[in-house]
S.K.: 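Quick one: the structure is below, and I'll ask about it shortly.
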Amino acid sequence: MRHLLRRCGFYLVALWASITLNFLIPRLMPGDPTAALMERFQGQNITENTLHAMREQFGISSEPLGVQYVQYLNNLLHGDLGFSITAYATVSSVIAEHLKWTLGLVGVAAVLSFVLGTLLGVIVAWRRGSLLDSILPPALTFFSAIPYFWMALALLYVLGFTLNLFPVSGGYDVLNQVPGWSWDFTFSVIQHAILPALTIVISSIAGWTIGMRNAMLTTLSEDYVLMAQAKGLSENRVMLSYAARNAILPSITGFAMSLGFIVGGSLLTEIVFSYPGIGLTLFKAVVGLDYALTQGIFLVIVVAVLCANFLSELMYTLLDPRVRQARG
Amino acid sequence: MNNNTNVLEVNSICVDYAASNGTVHAVDNVSFTLKRGEVLGLAGESGSGKSTLAYAISRLLRPPALITQGEVLYYQRKSARDLNSMTQHDFKSTPQNAAESSDAIEPVDILKLTQKQLRAFRWQELAMVFQSAMNALNPVLNLEVQMTDVLKAHRPDMSKDERAARAKELLRLVGIAPDRLRSYPHELSGGMRQRSIIAIALALSPEIIIMDEPTTALDVVVQRDILTELLALKDQLGFSIIFITHDLSLLLEIADKVAIMYAGKLVETASSENLSEHALHPYTYGLLHSFPSLHGPRRKMTGIPGSPPDLRAVPPGCPFHPRCHFAFSACKTNVPTLLNTDAQMQQHVACHLYDATLNPAGPPASLAREALPNADSYDYAQGTAMIPVIRKEKLS
Amino acid sequence: MSKSEMDGEYPQDTAVQDKYELLSPVPLPHEQPFDDGIPAVLPVDVTYKAIPVRKRGLLPRLGLWWQATMTTLAANPKMLTGVCILGFFVLVAIFGPLLLRHDPAAFSNDLFQPPSSTHWLGTTQKGEDIFSQVVVGTRASLLVGFVSAVGATALSVFFGMITGYFAGLVDDILSLVMNIFLVIPSLPLAIVLASFIPFKGPGPIIIVLLITSWAWGARVLRSQTLTMRSRDFVQAARAVGETPAHIIFAEILPNEIALVSASFVSTFIYTILADITLEFLGLGDVSVTSWGNILYWAQNDQALLTGGWWLFIPPGLCIALLGAGLAFLNYGIDDLANPRLRKERKPRPVKAAKKEATA
Amino acid sequence: MSAEKHTNGTTASIMNEAITRNEPLSPGTILLEAEHIRKDFPLGGFQVGKLGAQRAVHAVENASLTLRAGFATALVGESGSGKTTVARLLAGMYVATSGSIRHRGVTVRARNEGELRAYRRHVQLIFQDPFASLNPVHTVGYHLGRPLRIHGHIHTDEEEHQAILSLLRRVSLYPPEQFIEKFPHQLSGGQRQRVAIARALAVQPEVLLADEPVSMLDVSIRLDVLNLLLRLKNEEQLGVLFITHDIASARYFAEDTLVMYAGQIVEGGPSDEVIQHPKHPYTQLLLSAAPDPDRMKTHTQQSLAIPTKVARSEPPSLINPPQGCRFHLRCPKAMPVCSERFPARTDLGAGHWTHCFLYGDESTTSKEVAAPSPLQTNLQEGA
């Protein structure tokens with residue numbers, strides 16, 4: 001238990017650090033971001049009120065830094081992330097609207113890619129030297145080197161645009177469907193999610209497969225695997241309970257490390273497919289110089305990644321008795 | 001128990017490793033037999049092929065290691081086996097075999113078993129105890145799982161409770177409190193880990209247990225404890241042991257018969273009494289004099305000059321000749337084979353010194369002499385009554 | 001048992017000056033010299049593996065190094081693939097722009113043309129030649145990625161080794177910072193940072209990439225240094241009186257070369273992809289010709305939805321090819337550093353033998 | 001700094017064929033003394049709610065030993081008994097928690113790198129595993145050249161070359177020219193250990209601390225390396241601490257033997273005395289457990305009951321060691337007093353001594369020793 005408490009502590013510190021980083025970025029940058037905004041929204045619907053709120057948020061304020069920091073934390077505690085000028089709504093409401101799309105898409109795709117990739121890795125390592133083993137890893141390596149957004153563009157062009165198998169943009173069929181719990185709507189959502197999910201899976205699966213393959217090869221030369229074979233256990237038992245069961249541990253640590261990359265890639269995927277998630281919103285905010293929204297989204301992403309990391313550590317603790325007890 | 005029947009017969013087995021720069025003969029034409037209830041010691045330095053030989057017998061070698069020739073005959077005991085294990089999981093699929101009720105024992109070549117037969121054969125008839133107990137236990141499964149999965153695989157008709165009961169019984173047998181059943185390997189001390197591996201090895205009451213340096217990593221006191229108990233269990237359960245180690249002095253104490261390996265070849269086999277009293281091969285002789293003695297006058301010892309050869313560049317002729325004080329011209333060209341020096345003593349040696357055609361003068365006098373000093377200067381009555389001398393089963 | 005007695009009894013250990021690792025034949029233990037007619041022959045003609053004496057001087061050494069590199073590459077197809085691909089792109093980056101027929105920035109009348117003999121990879125909506133753009137863009141993309149990767153690797157070597165070797169408060173604080181940077185997703189952070197920097201161009205992008213990419217390598221190196229620190233050869237170096245700086249950089253670092261290279265290559269992959277991604281999002285200087293900006297303009301002009309696949313494929317394939325080359329290089333390094341992954345691995349039983357007998 | 005004072009004789013070394021000390025030490029000179037040294041390793045991490053009592057590994061307790069020129073002292077014990085820690089304390093790699101180390105009568109204080117280096121000029125460590133103690137990326141020449149340079153024994157490349165050659169000859173690596181450019185992986189185990197010994201010699205020390213120098217080597221080449229160390233000890237009058245788990249090789253190698261159990265030195269004296277007439281129950285246990293081919297002949301059928309207390313028990317954890325004599329949990333002759341405090345040293349004559357209440361204790365009366373206590377008999381029966 002002590003181990004988990006310590007990790008909890010670490011994640012709280014990491015959370016605090018990213019909040020502080022978020023607070024500091026606009027304040028440490030040279031120049032006045034609002035000036036750029038004023039230029040851009042000259043004479044448009046920007047009231048003195050909004051401007052003031054914005055200045056406050058970016059630290060263009062006469063208050064000392066410490067006071068600003070306390071105010072910032074206080075606002076955060078109340079869920080106040082500021083006001084979005086592009087969406088013309090509070091940042092929290094904008095995020096609330098789009099977060100579910102991303103969580104659904106990225107969550108499913110990342111888990112799918114982890115499971116599939118790890119399984120492939122197990123099989124490839126077990127059938128070492130087979131045709132599969134000599135073809136799959138290099139092929140996957142090639143795919144993994146392709147940036148997400150380009151993979152998205154390619155899939156979109158081939159499967160969506162040319163072959164017309166899948167819809168090429170959006171989260172659901174905006175023209176014909178009303179959001180709600182209907183079969184048609186659900187089907188439409190799934191149909192729209194397939195291409196982006198495929199992009200994420202293809203781009204991220206190689207890491208898991210190759211990582212798991214290497215971990216398996218290391219484990220396979222361990223004495224306990226040899227002993228399991230000497231015990232006359234069935235192949236599946238040796239492969240899964242002895243080899244894979246140990247080899248998966250580094251993969252789970254790797255999951256935490258790679259999640260940041262997957263999330264980053266997913267943002268790009270959303271942009272290409274105009275998927276109504278956080279990524280597209282972030283892109284719009286960046287292009288529209290909507291600093292409040294940019295920051296808010298960044299914070300949400302960080303929190304989500306930290307949570308996922310913590311979950312994967314929990315899982316690791318469950319799977320590895322040495323961590324569970326020795327330091328628990 | 002019929003002590004004089006063979007349980008295992010290894011006939012001219014060869015193991016090669018395919019390396020990028022040529023083939024390595026890790027085990028070269030090795031033959032020996034193992035009798036029921038016997039402890040056969042296999043001694044050699046690193047690279048002598050003793051472990052490879054053990055893995056070859058149990059067919060655990062992986063590529064690029066390859067058994068290029070030979071046979072490993074296993075003589076199955078018919079009467080003593082409990083029926084339910086034999087009928088359902090007989091690794092021999094030949095039907096007439098099961099029907100046969102005579103006492104005639106028909107050997108099975110382990111190297112010819114199919115994968116399925118092999119799985120049934122393993123652990124049921126031949127179990128292994130690996131060198132490092134830390135590495136041989138799966139770190140993420142507890143003892144119970146690792147003990148019962150072997151029962152599950154070989155005795156599917158056993159119920160869950162029976163399996164757990166059997167596991168507890170086995171732990172008790174090797175001297176571990178049964179409440180450690182749920183422990184994970186990292187929670188056990190080195191000695192307990194090795195004991196639990198022995199417990200797993202005993203799970204199906206195998207005929208043969210191969211032990212690959214089972215106590216090298218342990219301290220002498222713990223090592224002595226475990227070996228004492230192991231030999232007691234051997235007497236009680238009647239299995240045979242192939243004991244692999246580099247520690248010849250330990251082997252002489254516990255083994256009935258000792259085989260010495262050098263550079264993949266068997267250079268001498270003898271009963272341990274014969275070996276310690278008159279080692280024939282110069283290498284064996286040198287090994288015996290590489291262990292300082294605990295008592296008697298202190299003597300200058302020199303060991304064996306040089307070091308064991310690289311298996312990729314084994315010297316021609318007798319592989320030991322560059323280090324051998326007695327080498328003569330034939331040793332550089334002719335590869336010696338095992339000679340039976342004395343039918344009665346059952347001592348075999350692969351050395352040209354004992355080949356009357358090559359060396360008509362006969363073996364050097366110094367080699368034939370009693371090699372070890374007498375132990376009379378040691379006062380056993382004083383202070384050494386805490387640990388028993390390991391009992392050796394005499395060859396009848 | 002007194003000392004003088006022992007002295008009398010113990011002759012010196014003896015040695016012969018021949019070319020073998022072989023001590024002279026000594027009388028067998030506590031026996032008189034052996035004489036029963038058989039000559040004790042010393043096998044002078046046995047050839048052990050001859051180890052060539054290393055040549056002195058720069059050129060012969062370079063020659064040996066080159067030979068060793070070639071042998072390594074020949075034995076390691078993954079690495080060979082990686083080196084070839086990387087070498088190709090480096091050559092294009094250096095010499096490519098000199099050999100072009102078209103100015104990459106020049107507009108022409110051939111608007112939005114698919115690939116043809118005049119324009120090998122087609123043209124943009126403004127009539128720019130895409131082949132020229134891709135070739136010229138190689139230099140910018142490679143340079144930004146390379147500079148950031150070198151910087152980030154230098155940072156991670158420095159922080160990783162310092163924190164790994166010296167325990168204590170400095171290590172605690174630095175590793176905490178390192179771990180925090182590890183869990184904060186780097187690409188979103190890079191996007192946010194780049195969007196807040198008021199001026200655009202390669203400089204800010206390099207800084208952003210440096211900030212977001214040093215921690216990974218530092219952590220790997222730290223944990224490796226941590227285990228190295230307790231290794232016997234490091235302890236032995238301390239025992240003969242080496243200074244910490246010498247130990248870190250002359251004893252430990254050379255042992256981590258594989259790890260540093262692997263870390264550099266991974267960082268290089270990250271920085272190139274991140275650079276292109278940031279440019280694709282329009283966060284770079286869009287007037288520079290680079291792979292990312294080609295894609296940015298293509299996306300900006302809705303090229304794909306009008307069927308202009310030739311705008312996307314070339315830069316994308318280049319990126320994928322380069323990335324795959326680097327990944328292969330990395331797997332190759334991994335194979336070298338981790339013998340268990342090698343194809344010709346000896347199975348467990350002979351491991352001890354190999355350790356002893358390696359020549 | 002104390003060590004500096006005493007180096008004047010040896011620092012100004014003159015190069016000659018074989019690097020030798022200017023003034024040979026007279027045999028028997030006391031070189032290094034450790035008195036009541038103790039080492040606790042605090043366990044890392046925050047110890048929340050431990051009320052200040054830092055948990056620690058109590059690796060060595062109250063260890064005293066003396067190393068003399070031309071003599072070897074063996075330190076025998078199981079793995080984890082703290083014998084390596086003693087060597088590293090003496091080598092200046094760890095700082096003792098308490099107790100003192102004296103080099104030629106002057107207390108050693110290594111407060112900084114410079115002082116430590118000055119001390120290490122006199123005391124060198126040989127590591128157990130020659131596969132690990134040489135840096136795989138450096139040549140033999142580099143390994144030997146560095147200490148020569150650091151300690152100012154050489155000044156030119158030519159001097160370095162000659163000095164390295166002479167070192168290689170001293171450790172019987174022939175022909176030395178062939179070894180200079182070799183990398184560790186091109187050498188066999190025995191050759192590596194010789195290089196490691198040569199590296200220690202390059203510093204020109206007076207004391208060698210050999211930490212299981214042969215236990216990782218192949219059986220047949222162990223004696224070669226052991227004999228090399230013996231020769232160096234005798235020819236150059238080095239003081240040697242020989243650490244081993246094999247009590248037979250202790251007898252072979254060393255004039256004196258100390259037996260260590262769980263961080264405490266329990267018995268010591270001339271090797272033959274200790275080994276032929278062991279007094280401490282632990283020494284007796286160790287001796288009876290040591291492999292001994294001779295026993296086969298003399299005691300073929302003899303079987304003695306093993307007290308279950310000894311069997312199936314293993315050395316205690318050093319994080320929370322038992323109070324008093326740490327062996328009392330496994331000792332068949334344990335008395336109540338054994339768990340209270342560690343017995344003082346009892347001299348048994350002929351330089352043989354032990355820490356055991358069975359043979360008296362300065363502060364206990366001798367009647368406790370005379371007859372076995374009722375408890376003791378109970379224990380044996382209960383077992």
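Chain naming here is simple, since letters A, B, ... match the order of the sequence lines and numbering starts at 1 in each. Every heavy atom of this structure was used, including side-chain atoms; hydrogens, water molecules and symmetry mates were not.
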S.K.: Are Arg213(A) and Leu136(A) close enough that some pair of their side-chain heavy atoms sits under 4.5 Å apart?
M.R.: no
S.K.: Residues of residues 267-278 of chain C under 4.5 Å from chain A (heavy atom pairs)?
M.R.: Tyr270(C), Leu273(C), Ile276(C), Thr277(C)
S.K.: By a 4.5 Å heavy-atom criterion (distance strictly below it), what part of Val302(A) contacts chain C: side chain, backbone, both, or neither?
M.R.: both
S.K.: Below 4.5 Å from any heavy atom of chain C, which atoms of Tyr148(A) appear? Answer side chain, backbone, both or neither.
M.R.: neither
S.K.: Is it the backbone or the side chain of Leu15(A) that comes under 4.5 Å from a heavy atom of chain C, or both, or neither?
M.R.: neither
S.K.: Given a strict heavy-atom distance threshold of 4.5 Å, which part of Pro137(A) is in contact with chain C: side chain, backbone, both, or neither?
M.R.: neither
S.K.: Heavy-atom distance under 4.5 Å to chain A: side chain of Phe312(C), backbone, both or neither?
M.R.: both
S.K.: Let's go through Val286(A) and Leu281(C) carefully: what are the C-alpha distance in whole Å and the side-chain angles of both, what is the deciding distance for side chain to side chain contact (heavy atoms under 4.5 Å, CB included) to 0.1 Å, and is it a yes or a no?
M.R.: CA-CA 9 Å; Val286(A) 167; Leu281(C) 292 177; 5.9 Å; no
S.K.: Between Phe149(A) and Phe280(C), does the ring centre distance come in under 6.0 Å?
M.R.: yes
S.K.: Is there a donor-acceptor contact under 3.5 Å from the side chain of Trp309(C) to the main chain of Ala154(A)?
M.R.: no
S.K.: Checking side chain to side chain contact (heavy atoms under 4.5 Å, CB included) for the pair Val183(C)/Asn179(C): CA distance, chi angles, key distance, verdict?
M.R.: CA-CA 6 Å; Val183(C) 287; Asn179(C) 284 328; over 6 Å; no
S.K.: Would you check if the side chain of Asn293(C) reaches a backbone N or O of Asp285(C) as a donor-acceptor pair within less than 3.5 Å?
M.R.: yes
S.K.: Give, for atom CZ of Arg219(C) and atom OG of Ser156(C), the distance between the pair rounded to the nearest 0.5 Å.
M.R.: 13.5 Å
S.K.: Evaluate the side-chain proximity of Val124(A) to Met212(A): yes if any heavy-atom separation is below 4.5 Å, no if none is.
M.R.: no
S.K.: Quick check: closest heavy atoms across Leu311(C) and Leu295(C), and the distance to 0.1 Å?
M.R.: O-CD2, 4.4 Å
S.K.: Can you tell if the side chain of Thr102(A) reaches within under 4.5 Å of the side chain of His98(A), non-hydrogen atoms only?
M.R.: no
S.K.: Measure distances from Leu282(A) to the heavy atoms of chain C and classify the residue's part below 4.5 Å as side chain, backbone, both or neither.
M.R.: side chain
S.K.: Can you name the residues of residues 79-90 of chain C that have some heavy atom under 4.5 Å away from a heavy atom in chain A?
M.R.: none
S.K.: Got Leu187(C) and Phe261(A) here, is their nearest side-chain heavy-atom distance under 4.5 Å?
M.R.: no
S.K.: Evaluate the ring-ring contact (aromatic ring centres under 6.0 Å, His included) criterion for residues Trp214(C) and Phe159(C): first the C-alpha distance (whole Å), next the side-chain angles of each, then the deciding distance (0.1 Å), finally the verdict.
M.R.: CA-CA 9 Å; Trp214(C) 66 276; Phe159(C) 283 112; 5.3 Å; yes
S.K.: Find out whether Phe328(C) and Pro138(A) are in side-chain contact, i.e. whether some heavy atom of one side chain is under 4.5 Å from a heavy atom of the other.
M.R.: yes
S.K.: Can you check whether anything in residues 264-274 of chain A gets within less than 4.5 Å of chain C, heavy-atom wise, and list it by number?
M.R.: Gly264(A), Gly265(A), Leu267(A), Leu268(A), Ile271(A), Val272(A)
S.K.: Please state whether the side chain, the backbone, both or neither of Tyr331(C) comes within less than 4.5 Å of a heavy atom of chain A.
M.R.: side chain
S.K.: So, Glu313(A) and Tyr11(A): side-chain donor and acceptor under 3.5 Å apart, yes or no?
M.R.: yes
S.K.: Let me have the donor-acceptor pairs involving side chains of residues 193-203 of chain C, under 3.5 Å, with sequence neighbours excluded, atom names and distances please.
M.R.:
{"from": "Ser195(C)", "atom 1": "OG", "to": "Ile191(C)", "atom 2": "O", "distance (Å)": "3.3"}
{"from": "Ser195(C)", "atom 1": "OG", "to": "Val192(C)", "atom 2": "O", "distance (Å)": "2.8"}
{"from": "Lys200(C)", "atom 1": "NZ", "to": "Ala194(C)", "atom 2": "O", "distance (Å)": "3.3"}
{"from": "Lys200(C)", "atom 1": "NZ", "to": "Ile197(C)", "atom 2": "O", "distance (Å)": "3.4"}

S.K.: Assess, by modelled atom type and distance only, whether the side chains of Asp290(A) and Ser84(A) contain a donor and an acceptor separated by less than 3.5 Å.
M.R.: yes
S.K.: Under 4.5 Å heavy-atom distance to chain C, tell me which part of Ile210(A) shows up: side chain, backbone, both or neither.
M.R.: side chain
S.K.: Looking only at heavy atoms, what is the nearest atom pair of Ala247(A) and Pro250(A), with distance?
M.R.: O-CD, 3.2 Å
S.K.: Quick one, Ser203(A) with Phe143(A), criterion side chain to side chain contact (heavy atoms under 4.5 Å, CB included). Give me CA distance, side-chain angles, the key distance, then yes/no.
M.R.: CA-CA 6 Å; Ser203(A) 298; Phe143(A) 280 127; over 6 Å; no
S.K.: Let's test your reading of the structure: which of Leu326(C), Ile319(C), Leu322(C) forms the most heavy-atom pairs below 4.5 Å with chain A?
M.R.: Ile319(C)
S.K.: Using non-hydrogen atoms and a 4.5 Å limit, figure out which bit of Ile297(A) sits close to chain C: side chain, backbone, both or neither.
M.R.: neither
S.K.: For Phe10(A), which atoms come within 4.5 Å of any heavy atom of chain C: side chain, backbone, both, or neither?
M.R.: side chain
